[in-house]
A.B. asks: 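The structure's right below; bear with me while I get my questions together.
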Amino acid sequence: MTSITPERSLRERFPRLLPHGERLDVGELERLRSRTRCFAEDHVRPRALEIDRRTGEDPSWFDWDLVRAGGEQGMLGLLIPEPAGGAGGLATQAAIVMEELCAACPGIALIFGAHALGVAPLLLGGPSQWDGVLAELVQSERTAKPLLMACAITEPEAGTDVEDPDLLRRARITSHARRVPGGFRLSGTKRFISNGSVARWITLLMPTDPRHPAETWTCFLLDTRSEGFAVARVEHKMGQRACPAAELTFDEVFVPDERVVSREGDGAAATTIVLACSRPPVGAIATGVARGAYERVLGWLEEDRAAKGLLERQHVQLALASMEEEIHLARQLYMDAATELDHTALGGVTSNPAVRAIAHVPAGVRRRAPMHGWLASDRARDATIALLHRTTSERAVTRSLALSSMAKAHGGDVAMLVTGAALELVGLRAGPVRAELEKLWRDAKLTQIYEGTNQLNRLEVYRGLCRSETISCLPPLHPIRRKTEGGRS
Ligand SMILES: Cc1cc2nc3c(=O)[nH]c(=O)nc-3n(C[C@H](O)[C@H](O)[C@H](O)COP(=O)(O)OP(=O)(O)OC[C@H]3O[C@@H](n4cnc5c(N)ncnc54)[C@H](O)[C@@H]3O)c2cc1C
């Protein structure tokens with residue numbers, strides 16, 4: 001294994017971080033990046049090829065030791081708000097962590113990324129979610145049995161279509177959440193769900209009326225120990241194999257009313273906001289993949305006798321300069337998207353005085369009546385949505401989504417380009433580093449597919465930036481609310 005290139009600070013990598021100084025604690029971000037790099041070098045990179053080999057033979061093989069090691073570093077609580085015991089990170093922090101992990105191994109990074117995607121819809125529930133599963137996830141983080149999450153949106157007949165509120169209207173949805181007293185019965189199949197076979201909790205989206213999927217798309221928090229839930233199969237993957245992608249089946253699985261995340265019918269808007277938040281980190285995943293390939297090929301050129309003399313050749317210098325350039329631009333895109341989202345589009349929510357006041361109430365008080373009752377009430381859920389409407393706008397979120405989509409799509413293409421170029425440079429000569437580069441090339445492909453294919457993401461860019469359109473992406477102020485026997489009204 002060749003050595004890694006010298007450490008570069010976040011400011012060197014993202015020069016525009018300086019003007020953000022007042023809003024961002026740059027020192028804290030630097031420490032986060034540095035800690036993650038140490039974790040990646042000590043735990044992730046040394047295991048990457050072996051895990052890739054084992055999961056290639058048996059896709060259901062899973063390295064829980066790595067999850068435990070990541071848990072000790074706070075990887076599972078990164079996005080969980082501080083009042084729930086987490087680090088309170090936002091898209092910016094998630095993106096910084098993802099680039100560092102992916103430069104070592106994108107498959108292992110995806111375990112933590114998919115976990116974060118599972119957590120994200122719960123964050124939209126505001127303080128009402130802090131003392132439930134979010135707190136449980138943090139408590140498990142440093143134990144022998146850390147809990148993972150997954151997020152299930154994709155269905156066998158609907159992938160791209162369920163990632164966009166307009167396409168959702170005509171998507172071929174086959175799942176259904178049927179109202180019953182006290183909750184819902186979930187039926188159907190979800191496909192390609194990262195962490196789906198290892199998650200303890202899953203946030204998943206289904207319509208409560210399949211004739212009107214967009215209007216009734218609803219997010220549920222599912223306990224994977226529930227009766228009727230099954231892992232039907234784990235896919236044989238080309239890349240990012242360390243993280244299993246599973247097909248999940250739901251046979252009349254009961255989910256109580258209190259595990260409806262946010263409110264019935266808010267799922268399409270929630271998905272849009274979650275994707276706006278998760279696409280900058282996916283841009284960072286792609287940037288990390290490209291950087292990993294670049295660092296490996298540079299290390300090989302500098303140190304391996306088989307590469308002697310190559311660095312003096314101008315075509316090699318030009319190839320390296322192009323890689324550096326592409327990686328740099330991909331990073332600016334994802335950091336722009338993440339900081340815009342965290343501090344402009346959604347900044348008003350996180351800094352809101354009412355939310356801060358609730359955060360100062362000790363957890364013990366929040367968990368008892370009368371506060372617990374209020375936080376779990378429909379009025380509290382409505383108040384969280386009203387806060388979103390007061391502090392941001394559909395235009396701001398649409399613009400943010402477009403920037404996030406640009407970062408994701410461009411990053412994915414850069415990952416393919418750079419891993420391919422790195423492989424071409426080493427050719428057949430490189431020995432062990434070739435195996436790492438081949439793996440990164442396989443890993444790169446997925447960054448063009450998940451979180452919406454690059455085509456879909458570019459359509460978001462067209463809509464949100466080229467046409468300055470505004471999509472309906474905030475949950476309605478007045479929700480669907482039907483009375484059911486024994487259920488919440
Ligand atoms: C390994 C892996 C892990 C994944 N993890 C998760 C996960 O954790 N959770 C989850 O919910 N999903 C996950 N996915 C699903 C992923 O998000 C979908 O694969 C993706 O959204 C594409 O959907 P699809 O595969 O059905 O392709 P399709 O939607 O069938 O698309 C096929 C092709 O048609 C193009 N296309 C489709 N519609 C349009 C359109 N309207 N305009 C232009 N082009 C279009 C697409 O760009 C693509 O090139 C994962 C997928 C993979 C492969």
Side-chain angles (χ1 to χ4, degrees), residues 52 55-56 59-60 98 102 106-121 148-175 188-199 201-206 214 217 219-220 222 224 231 233-250 267-268 270-272 274-275 277-279 281-282 285-286 289 404-405 408-409 412-413 415-416 442-463 471:
D52 182 66
T55 46
S60 58
M98 280 299 129
C102 288
I108 293 170
L110 183 60
I111 297 171
F112 300 106
H115 170 79
L117 186 66
V119 166
L148 280 174
M149 286 207 63
C151 179
I153 309 174
T154 306
E155 306 204 350
E157 296 297 323
T160 299
D161 294 349
V162 286
E163 302 220 348
D164 179 276
D166 289 340
L167 297 176
L168 185 58
R169 287 176 208 290
R170 45 182 195 275
R172 276 187 288 177
I173 308 288
T174 49
S175 66
T189 302
K190 292 284 175 183
R191 187 168 282 175
F192 300 138
I193 307 308
S194 301
N195 281 353
S197 53
V198 290
W201 294 95
I202 298 178
T203 40
L204 88 156
L205 288 115
M206 283 189 185
W217 199 236
C219 184
F220 299 92
L222 178 96
T224 55
V231 176
R233 70 160 192 253
V234 181
E235 306 287 346
H236 276 275
K237 292 172 73 179
M238 176 172 110
Q240 304 194 18
R241 287 172 177 165
C243 177
E247 181 166 307
L248 311 175
T249 56
F250 305 85
T271 306
T272 307
V274 165
L275 291 174
C277 298
S278 63
R279 283 177 184 163
V282 174
I285 288 178
V289 177
S404 299
S405 301
K408 187 270 172 195
D413 288 353
M416 282 311 290
R442 284 188 281 108
D443 292 338
K445 185 63 197 169
L446 192 49
T447 63
Q448 294 180 317
I449 299 171
Y450 57 17
E451 303 284 303
T453 60
N454 276 7
Q455 289 90 339
L456 174 77
N457 276 273
R458 290 202 162 98
L459 291 176
E460 303 289 8
V461 176
Y462 172 75
R463 205 160 48 170
I471 58 173

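Note that this is a predicted model, so its numbers are computed, not measured. All residue numbers refer to positions in the sequence shown, counting from 1. Ligands are counted one by one from 1 in listed order, and the atoms in each one are counted from 1 as well. In what follows, every heavy atom counts, from backbone to side chain, and hydrogens, waters and symmetry copies are set aside.
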A.B. asks: Any side-chain donor paired with an acceptor under 3.5 Å for Arg191 and Thr154?
C.D. replies: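 Checked: Arg191/Thr154 side chains show no N/O donor-acceptor pair below 3.5 Å.
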A.B. asks: Enumerate the pairs of nitrogen or oxygen atoms, one from ligand 1 and one from the protein, separated by less than 3.5 angstrom; state names and distance to 0.1 Å.
C.D. replies:
residue: ligand 1; atom: 5 (N); partner: Phe192; partner atom: O; Å: 2.7
residue: ligand 1; atom: 5 (N); partner: Ser194; partner atom: OG; Å: 2.9
residue: ligand 1; atom: 8 (O); partner: Ser194; partner atom: N; Å: 2.9
residue: ligand 1; atom: 8 (O); partner: Ser194; partner atom: OG; Å: 3.4
residue: ligand 1; atom: 9 (N); partner: Cys151; partner atom: O; Å: 2.9
residue: ligand 1; atom: 11 (O); partner: Ile153; partner atom: N; Å: 2.8
residue: ligand 1; atom: 11 (O); partner: Thr154; partner atom: N; Å: 2.9
residue: ligand 1; atom: 11 (O); partner: Thr154; partner atom: OG1; Å: 3.1
residue: ligand 1; atom: 12 (N); partner: Thr154; partner atom: OG1; Å: 2.6
residue: ligand 1; atom: 14 (N); partner: Phe192; partner atom: O; Å: 3.3
residue: ligand 1; atom: 17 (O); partner: Glu163; partner atom: OE2; Å: 3.2
residue: ligand 1; atom: 23 (O); partner: Thr160; partner atom: N; Å: 3.3
residue: ligand 1; atom: 26 (O); partner: Gly159; partner atom: N; Å: 3.4
residue: ligand 1; atom: 29 (O); partner: Thr160; partner atom: N; Å: 3.0
residue: ligand 1; atom: 29 (O); partner: Thr160; partner atom: OG1; Å: 2.6
residue: ligand 1; atom: 47 (O); partner: Thr453; partner atom: OG1; Å: 2.5
residue: ligand 1; atom: 47 (O); partner: Gln455; partner atom: OE1; Å: 3.0

A.B. asks: Going by heavy atoms in the side chains, are Glu460 and Arg463 under 4.5 Å from each other?
C.D. replies: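 Glu460 vs Arg463: side chains touch.
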A.B. asks: Salt bridge check, Lys190 against Glu155: does any charged N sit closer than 4.0 Å to a carboxylate O?
C.D. replies: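 Salt bridge flag = yes for Lys190 with Glu155.
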A.B. asks: So how far is it from Ile153 CD1 to Ile193 CD1, rounded to the nearest 0.5 Å?
C.D. replies: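 Output value for this atom pair is 7.5 Å.
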A.B. asks: Supply the atom-to-atom distance Asp164 CG to Ile471 CD1, rounded to the nearest 0.5 angstrom.
C.D. replies: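 These two atoms lie 6.5 Å from each other.
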A.B. asks: With side chains defined as the heavy atoms from C-beta onward, is the minimum distance between Leu110 and Lys237 less than 4.5 Å?
C.D. replies: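 Touching, per the 4.5 Å side-chain cut-off.
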